[in-house]
Amino acid sequence: MTVEAGVLERYSEGAEARQEDLCCPVDYDASLLKLLPQEIIDKDYGCGDPSRYVKEGDIVLDLGSGSGKICYMAAQLVGKEGKVIGVDMNDDMLELARKYEGEMAEKIGSANVEFVKGQIQDLSLNLTALDAHLKESPIHNAEDVIHLRAWQEKQRHESPLIADNSVDLVVSNCVLNLVHDSDKEQLIQEIFRVTKAGGRVAISDIVSDEPVPEHLKKDQDLWSGCISGALQEHEFLQAFVDAGFIAVAYDKWESEPWQVVEGIEFRSVTITAVKPQDEPCIDKGHAVIYRGAFSEVYDDEGYVYLRGQRMAVCERNFKLLTSEAYGDDFIGLAPAEEREGVVWNCQAGVLRPAAETKGSQYQNDSCCSGTSCC
Ligand SMILES: C[S@@+](CC[C@H](N)C(=O)[O-])C[C@H]1O[C@@H](n2cnc3c(N)ncnc32)[C@H](O)[C@@H]1O
């Protein structure tokens, strides 16, 4: 049996009856669970709580939505202006999640949740449309396969299941590890594609502390049980950096492993990341001060920030470094006067004199003007 077939079978069983060995204890926000039907709470196969990152008005995409628990929790937070889309490839899980759509819409006061059929490593392909197409045009020979490929390409292009740059927040709870290793890079690229510029990612999953040997990866139970498909702890973050995300970080880290197999620890973590704004880096005289406690830090573009020093930054990076993605690490210093921006061409690690930020009102003979950072 392939990895995917094993995962399909296991989660069809999980939709039918609660599977104790797939449940990892999670401390959810109890106030969001109150409205949920008991069946959805019981058939919870998550390992973290990415709903904590949802904001009012967000368009949220939940990868591998299962019984719909995270979607229905998120739906209470996004409100009427927001929307939640759950993607799953398993018909039984989709049926279970959809069973409560009407009831939950009434309780929440808004029909803001939708469950769609797709594979999370190929978020363009609408598997419901594919099912309908295969009914009309079944596969009998190799020529049919060639036609099917052409149909799929057209469908992906003309009516993608999830459009480019359409999601404010991508969440997932214990699913990325289930995707075949050879598809994992494409999976993270797909997450990047569908996230809006400036959009966020909050993914709870399992990581390993050592490489997972082949014989464990081949074990169907360990794979479909969210264990042996786990990426190693540094690989998980690096995969998001490689796809183009920034501010990639472990926000949650369970010190106690969930499982230990042959001495390898498998633990639950939650990572957060941001897709960069699609705007040029324009220098308008902004600076930031890195508070410490380290002597210096580097961002993913290679810029260095020295502890306590006024570092020159472009307006785009100023907004990012002083946003919640970086917590409280940076003090922002906006220029006192609006000045005409110039395209950023400064080296990493350039200081911005205080007089420059204060502008022409500041009476000082050594006052700088223009782009003195370079
Ligand atoms: C461990 S369960 C987690 C379910 C849910 N996120 C939760 O918190 O309870 C994994 C879910 O992901 C789905 N899944 C696994 N691999 C998938 C893939 N490649 N594409 C879409 N769904 C997938 C399974 O069908 C199952 O519903």
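Both ligands and their constituent atoms are indexed starting at 1 by order of listing. Residue numbers count from 1 along this sequence. Computed from a predicted structure; not experimentally measured.
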What are the atoms of ligand 1, with element, lying closer than 4.0 Å to any heavy atom of [X]?
| X | answer |
| --- | --- |
| N90 | 25 (O) |
| K69 | 7 (C), 8 (O), 9 (O) |
| C226 | 1 (C) |
| G118 | 20 (N), 21 (C) |
| G66 | 4 (C), 27 (O) |
| C174 | 1 (C) |
| V179 | 19 (N) |
| L178 | 10 (C), 15 (C) |

If you draw a 6.0 Å radius around [atom1] in [X], do more than 12 non-hydrogen atoms from other residues or ligands fall strictly inside?
| X | atom1 | value |
| --- | --- | --- |
| E279 | CD | yes |
| E143 | CD | no |
| E95 | CD | no |
| E103 | CD | yes |
| K83 | NZ | no |

Handout entry: Sole candidate of V84, V60, D49 that passes side-chain contact (heavy atoms from CB on, under 4.5 Å) when paired with I70
Key = D49
So, regarding [X] and ligand 1 (criterion: nitrogen or oxygen to nitrogen or oxygen, under 3.5 Å), is there a contact or not?
| X | answer |
| --- | --- |
| D62 | no |
| Q119 | no |
| N173 | yes |

If you measure from [atom1] on [X] to [atom2] on [Y], what distance do you get to the nearest 0.5 Å?
| X | Y | atom1 | atom2 | result |
| --- | --- | --- | --- | --- |
| N141 | H147 | CG | NE2 | 8.5 Å |
| S110 | Q76 | OG | CD | 11.5 Å |
| E16 | M93 | CD | CE | 11.0 Å |
| Y250 | I271 | OH | CD1 | 7.5 Å |
| I289 | Q309 | CD1 | CD | 8.5 Å |

I need the contact type for [X] against ligand 1. Using non-hydrogen atoms and a strict under-4.0 Å cut-off, is it side chain, backbone, both or neither?
| X | result |
| --- | --- |
| E4 | neither |
| D88 | both |
| M89 | both |
| Y11 | side chain |
| I120 | both |

Starting from [atom], find the nearest protein heavy-atom neighbour and note its residue, name and distance.
| atom | answer |
| --- | --- |
| atom 19 (N) of ligand 1 | Q121 OE1, 2.9 Å |
| atom 9 (O) of ligand 1 | Y45 N, 2.9 Å |
| atom 14 (N) of ligand 1 | V175 CG1, 3.8 Å |
| atom 5 (C) of ligand 1 | G64 O, 3.4 Å |

Exercise for the section: Give me the one residue out of D164, D168, D58 that meets salt bridge (charged side-chain N to carboxylate O under 4.0 Å, His left out) with K196. Expected result: D168
